[in-house]
Structure formats: C-alpha cells, structure tokens
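All values below were derived from every heavy atom in this structure, side-chain atoms included, with hydrogens, water molecules and symmetry-related copies excluded. Since we're looking at a predicted model, the values are computed, not measured.
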Amino acid sequence: MALFSAPALALAAEPTTYTGTPVTVGNGTAHLVVSTTAAGDPASVSVVLSRAALEGLPNAEPGRMAWEFTVPMPEDGPYTGFDHVVLDWNPAGHPPSGVYSVPHFDVHFYLITPEERETVSFQGADRDQALAPPEAALVPAGYVVPPDTAVEHMGLHGVDPAGGEFHGAPFSHTFIYGYYKGALTFVEPMVSLAFLQSRPEVTTAVAKPLRYSYPGWYPTGYRIGFDAGRDEITVSLQNLERFNGF
C-alpha cells in the first residue's frame, strides 16, 4: 500500500518558506524567513526589514554604543543550527575608529541560545579561557581574531583585514565570524545604514572555515537586497551547506 498519494509527493517536493514573528525596529518591523530547497533542506536564512525600520531608530547616547533587537526563528521551520538573530543598531558605529564608525547594523546569527549568550563575559576568573583564540580550522583563511574585539554578551570577532574599509574605502558591508572560549558561536553580516538606504542588490561570497563548532547549515554567500514591490530590505545567509560535526 502506498504511504503517500502522488499529489502529496509532489507537494512535498516544492520549496517552502517559513516566516517568524515580526518585532518592532524603528518605525517598522523585522522578521526572519527560512527558505528550503525542493528536497526540504534549508537554502537560506534571511532577516527581512520593512523600509520604515530604517527610520525612527534610536540616536547615539553617552555611554551606550548599541541597541539590540532580538528576532526569533520561525517556530515551524526546519533545523538550521541557528537559534535566534540579534540586530545590533549602532547609531555612531563602533571601533576601530575610522573603519566601522558609521551608523550600521550588526546582524548576528547566533548558534547559541539567548541564555547562553547572557553568560558570555570577558571579566572575572575565567577571562583567559573566554579570550582563548579559536583553532586555525575554525577561522577562514585571511581572517584574524584580535583579542581587543571581545564584546560582553557577544564574543570575539573574526574580521577580514583585506576589506576595503581597512584601506580607506567607506564601509558598506562585510562578513564576520564570532567566537567564545575558542568555539565559533555566531556569524554576522554587518551593513551600514547608508548602504541599506541605497536600495542595494548585492550577493557576496563568504570565506569559509575548514569546520565549525556546531552541526548546522552554513552560508557560502550572503545577499543584501531591496524588494520594491514589498518595500522591504533583506539581509540573507545564502546557499547553505550542511556541516554534520566531528
């Protein structure tokens, strides 16, 4: 006896899109979308911002660098390895000065839970362990992980010093890997407000490490695009590849 009818099999072979609950950002909203292949595997994980989300954002305040907006994954979506996304809005940018000191979003795709993220600290008795550099296999070729990039409740940041922003070009977008206690705990497209406002359409290849700390689906590229019909901006991890672990 057949377990599935022919129409059911055809339906199962269609790519599917899963949408998360929207959250308020600026004068608009942000939500997550997970798209699959026809085989049901994750193909992309995207943050979708209404254009109004780029307006009405908090201004810079003394003693405060960033505002966080936590965006949940779709509840019914497939396993990707990513637990949640945090948009960090930096109205005056952040160090290094003259490189990332423009208004921008850090789009953190976390592989750890919010509760685990709250324990990320570079203070106290286990500071040396917290600052432990990742092994070379977890760092893409050409990237560096300076110890002075450590941020509480976030991690160390692996950056590409070949990026144009390190050589006098205005910062527009880049891709960062994040670490804590030697483990790779997040990936991060970082995008300037000016670039998002320009109604962009760009897909950029991602330099990949030899392996990852957690099983999951990892990007080989990222896209920043504008949909005029929907009046939305998308920041997306693209062409996901599966990593099964050790």
(message) Using the rule given for side chain to side chain contact (heavy atoms under 4.5 Å, CB included), can you reason through D106 versus H94, listing the C-alpha separation, both sets of side-chain angles and the distance that settles it, and then say yes or no?
(response) CA-CA 10 Å; D106 299 334; H94 57 62; 3.4 Å; yes

(request) Take F226 and E201 through the test side chain to side chain contact (heavy atoms under 4.5 Å, CB included) and record every step on the way to the result. (result) CA-CA 6 Å; F226 177 71; E201 183 55 61; 6.0 Å; no

(request) Could you walk me through whether W217 and V45 pass the side chain to side chain contact (heavy atoms under 4.5 Å, CB included) test, one step at a time? (result) CA-CA 10 Å; W217 294 81; V45 183; over 6 Å; no

(request) In sequence, state the C-alpha distance, the side-chain angles, and the governing distance for H84 and R117, and then conclude on side-chain hydrogen bond (donor to acceptor under 3.5 Å, both in side chains). (result) CA-CA 11 Å; H84 65 289; R117 186 166 57 84; 3.3 Å; yes

(message) Walk me through whether F166 and V99 qualify under side chain to side chain contact (heavy atoms under 4.5 Å, CB included).
(response) CA-CA 6 Å; F166 289 101; V99 178; 3.9 Å; yes

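Within the 4.5 Å cutoff, the side chain of L193 has no heavy atoms near those of the V102 side chain. Contact of the F122 side chain with the P147 side chain is not registered, since no non-hydrogen atoms from C-beta on lie closer than 4.5 Å. Counting heavy atoms from C-beta outward, F195 and I224 have side chains that approach closer than 4.5 Å. With contacts defined as side-chain heavy-atom distances shorter than 4.5 Å, the pair P72/V23 qualifies. In this structure, the side chains of V120 and I112 come closer than 4.5 Å at one or more pairs of heavy atoms. By the 4.5 Å heavy-atom criterion applied to side chains, F171 and M190 are counted as neighbours. Looking at L138 and R211, their side chains come closer than 4.5 Å, going by heavy atoms from C-beta outward. Looking only at side-chain heavy atoms (C-beta outward), P219 and F109 stay at 4.5 Å or farther from each other.
Partner of H157 under the ring pair (Phe, Tyr, Trp, His ring centres under 6.0 Å) criterion, out of Y177, F186, Y179: F186 alone.
The heavy-atom pair separating Y143 from A207 by the smallest distance is CE1-CB, 3.9 Å. Contact detail for W89 and P103: the closest heavy-atom pair is CH2-CB, 3.7 Å. Between G98 and S101 the shortest heavy-atom distance is N-OG, 2.9 Å. The shortest heavy-atom contact between Y100 and T174 is OH-CG2, 3.9 Å. Scanning both residues, S236 and S46, for their nearest heavy atoms gives OG-OG, 2.8 Å. Between A60 and A92, the closest heavy-atom pair is CB-CB, 4.1 Å.
Atom CG of residue L87 and atom OG1 of residue T70 lie 8.5 Å apart, to the nearest 0.5 angstrom. To the nearest 0.5 Å, the span separating OG1 on T36 from OH on Y18 amounts to 5.5 Å. How far CG of L237 is from OG1 of T80: 9.0 Å, rounded to the nearest 0.5 Å. Distance OG1/T29 to CG/L49: 8.0 Å, rounded to 0.5 Å. Distance check: D83 CG to E115 CD gives 8.0 Å after rounding to the nearest 0.5 Å. Atom OG1 of T185 sits about 7.0 Å away from atom CG of L111, to the nearest 0.5 Å.
Under the 4.5 Å side-chain contact rule for hydrophobic residues, V48 and V191 do not share a cluster. Under a hydrophobic-cluster definition in which Ile, Leu, Val, Met, Phe, Trp and Tyr are linked whenever side-chain heavy atoms come within less than 4.5 Å, directly or via other members, V107 and V202 are assigned to the same cluster. Side-chain heavy atoms closer than 4.5 Å link hydrophobic residues (I, L, V, M, F, W, Y) into clusters, and following such links, possibly through other members, connects L57 to I233. Linking Ile, Leu, Val, Met, Phe, Trp and Tyr residues whenever their side-chain heavy atoms come within less than 4.5 Å leaves M65 and F105 in two separate clusters. Put simply, F82 and Y214 are part of the same group of oily side chains (I, L, V, M, F, W, Y) that touch within less than 4.5 Å, one to the next.
Around CD of E75, the count of heavy atoms belonging to other residues, nucleotides or ligands within 6.0 Å does not exceed 12.
Put simply, the side chain of R64 gets close to the backbone of A66: a donor and an acceptor are under 3.5 Å apart. Checked by atom type and distance alone, the side chain of T234 never pairs as donor or acceptor with a backbone atom of G225 at under 3.5 Å. A donor-acceptor contact shorter than 3.5 Å links the side chain of S213 to the backbone of L184. Judged by distance alone, with hydrogens and angles left aside, the side-chain atoms of T37 form no donor-acceptor pair with the main-chain N or O of A43 at under 3.5 Å.
Side-chain atoms of Q123 and S121 form no donor-acceptor pair, as typed in the model, at a separation below 3.5 Å.
The aromatic rings of Y212 and Y218 lie parallel to each other, with less than 30° between the two planes, well short of the 60° mark.
The salt bridge (charged side-chain N to carboxylate O under 4.0 Å, His left out) pairs that include a residue from residues 163-183 are D126-K181, where partners are two or more places apart or lie in different chains.
Taking the six-membered ring for Trp, H173 and H104 have ring centres at least 6.0 Å apart.
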